Amino acid sequence: MTLKDFIKKIFFVEILQGLALTFKTMVSPSVTRQYPDERREPFPGSRGLHALARNADGNAKCVGCGLCAAMCPSQCIHIYTSEGEDNKKVVDRYEIDVLRCVFCAFCVEACPYGAIVLTDHYEYSDFTREAFYYTKDRLLDNWDKYMAGPKGEEYFEKFWGPKSGDFAVVNNNGSGGGEDK
C-alpha cells in the first residue's frame, strides 16, 4: 500500500467527493416533470397503444395471415378467421391482450400489409383487466382516434417499409437497375 492510498483511506477522500457531489446537486434546480400538469409530447415512432389500420375505403387492412401473432414473443395477439366468399379469409376476431404485450413492435415489422401499428398514444389506464383486452372494433377505433388522415400517411411514409422504390429493377442482362460499371 502506497502513502497516497493510505491517506485516501484515513481521510475518506472518496466519501467526501461523493458527499460534495450530493450537496452540489441538492441546490441545483430539479428536472422532474410534474406529470399531470407537464406532459411530454410523444416523439415520432414511439410505441404506444395498438391500432388496426384502415384502407382508403374504410375497411381494415388485416387479411388474417397470422404473421403478427406468430412473431409475438408474449403471444398476446389472437386472430380468428373463417372462409368467406371466393375462398378468401375473413377476419372474424382480432384481439390483443395489452397487459401481456411488451411493446417490441415485432408485430408491426412482421405484417406485410401494414395492418397493425403502434400509435404514439401512451397515456391509458383503467381499473379492470377487461379494459386492456382490445377487440377488432376497439383497435379500428384507435386508428380513427390517433392515426387517421395525414398522421397515418406520415407514419407509413417514415416508419413502414420496405417500399417498392427500395427494390432494384433487374434488366434482361442480369444487372441491377443501377449504373453500368
Side-chain angles (χ1 to χ4, degrees), residues 21 25 28-84 88-168:
L21 179 65
T25 57
S28 65
S30 172
V31 294
T32 304
R33 288 189 183 105
Q34 300 302 319
Y35 170 65
D37 300 326
E38 300 174 22
R39 297 175 190 261
R40 68 181 173 110
E41 289 296 319
F43 54 90
S46 59
R47 298 176 184 169
L49 191 59
H50 298 79
L52 276 178
R54 292 186 185 267
N55 285 329
D57 60 356
N59 295 327
K61 283 186 176 183
C62 181
V63 297
C65 65
L67 287 175
C68 55
M71 289 298 294
C72 182
S74 61
Q75 298 298 307
C76 65
I77 301 174
H78 306 286
I79 302 171
Y80 302 96
T81 61
S82 62
E83 192 171 316
K88 290 184 178 180
K89 253 187 204 180
V90 176
V91 179
D92 297 326
R93 294 182 353 206
Y94 191 104
E95 299 167 347
I96 297 178
D97 187 0
V98 176
L99 294 176
R100 289 189 65 175
C101 182
V102 294
F103 298 93
C104 62
F106 284 172
C107 55
V108 176
E109 293 177 17
C111 183
Y113 300 98
I116 186 161
V117 298
L118 292 177
T119 66
D120 58 2
H121 179 70
Y122 62 91
E123 296 176 335
Y124 50 97
S125 61
D126 208 306
F127 295 104
T128 63
R129 293 181 62 87
E130 292 80 25
F132 294 103
Y133 200 77
Y134 282 82
T135 60
K136 181 180 175 183
D137 294 331
R138 286 187 69 191
L139 291 167
L140 288 169
D141 289 342
N142 287 346
W143 174 264
D144 295 337
K145 283 184 205 171
Y146 307 115
M147 298 293 282
K151 189 172 185 178
E153 294 171 10
E154 177 186 359
Y155 173 83
F156 284 119
E157 183 64 33
K158 287 185 177 179
F159 302 109
W160 197 77
K163 297 174 182 53
S164 59
D166 296 336
F167 300 103

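All figures in this text were calculated on a predicted structure; none of them were measured in a lab.
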Does [atom1] belonging to [X] count more than 12 external heavy atoms closer than 6.0 Å?
X: Gln75; atom1: CD; answer: yes
X: Phe156; atom1: CZ; answer: yes
X: Arg39; atom1: CZ; answer: yes

- prompt: Can any side-chain N or O of Thr119 pair as donor or acceptor with the backbone N or O of Gly48 at less than 3.5 Å?
  reply: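 Side chain of Thr119 to backbone of Gly48, a donor-acceptor pair under 3.5 Å: no, none is there.
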Decide yes or no for [X] and [Y]: does some side-chain heavy atom of the first lie under 4.5 Å from some side-chain heavy atom of the second?
X: Val90; Y: Lys88; value: no
X: Asp144; Y: Arg54; value: yes
X: Tyr94; Y: Ile77; value: yes
X: His50; Y: Phe103; value: yes
X: Cys101; Y: Tyr134; value: no

Taking every non-hydrogen atom, the tightest pair across [X] and [Y]:
X: Cys111; Y: Gly114; result: SG-N, 3.4 Å
X: Cys107; Y: Ile116; result: O-CG2, 3.6 Å
X: Tyr155; Y: Leu118; result: OH-N, 3.9 Å
X: Trp143; Y: Leu52; result: CB-O, 3.1 Å
X: Cys76; Y: Arg100; result: CB-CB, 3.7 Å
X: Leu140; Y: Ala53; result: CD2-O, 4.3 Å

- request: Quick one: list whatever passes salt bridge (Lys or Arg N to Asp or Glu O under 4.0 Å) with Glu95, sequence neighbours left out.
  value: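 Checked Glu95 against salt bridge (Lys or Arg N to Asp or Glu O under 4.0 Å); matches are Arg93.
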query: What residues, two or more places apart in sequence or in another chain, satisfy salt bridge (Lys or Arg N to Asp or Glu O under 4.0 Å) together with Arg138?
result: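 Listed in chain order: nothing, the list is empty.
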Just verifying a value: how many Å separate [X] [atom1] and [Y] [atom2], rounded to the nearest 0.5 Å?
X: Tyr133; Y: Ile96; atom1: OH; atom2: CD1; value: 10.0 Å
X: Cys68; Y: Ile79; atom1: SG; atom2: CD1; value: 3.5 Å
X: Glu109; Y: Leu67; atom1: CD; atom2: CG; value: 13.0 Å

message: Quick test of your reading: applying ring pair (Phe, Tyr, Trp, His ring centres under 6.0 Å), list the pairs with at least one residue in residues 58-82, sequence neighbours left out, ordered by first then second residue.
response: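 Checked against ring pair (Phe, Tyr, Trp, His ring centres under 6.0 Å) - neighbours excluded - no pair reaches residues 58-82.
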Taking distance alone, no hydrogens or angles, what donor-acceptor pairs closer than 3.5 Å link side-chain atoms of residues 146-154 to residues at least two apart or in another chain?
residue : atom : partner : partner atom : Å
Tyr146  : OH   : His121  : NE2          : 3.3
Lys151  : NZ   : Asp120  : OD1          : 3.1
Lys151  : NZ   : Asp120  : OD2          : 3.0
Glu154  : OE2  : Lys158  : NZ           : 3.0

task: Name all residues meeting the ring-ring contact (aromatic ring centres under 6.0 Å, His included) criterion together with Phe106; count only those two or more places apart in sequence or in a different chain, and write none if there are none.
output: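 Checked Phe106 against ring-ring contact (aromatic ring centres under 6.0 Å, His included); zero matches.
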In a table with atom names and distances, give each donor-acceptor pair under 3.5 Å that connects a side chain of residues 56-66 to protein atoms at least two apart or in another chain.
residue : atom : partner : partner atom : Å
Asp57   : OD1  : Asn59   : N            : 3.3
Asp57   : OD2  : Asn59   : ND2          : 3.4

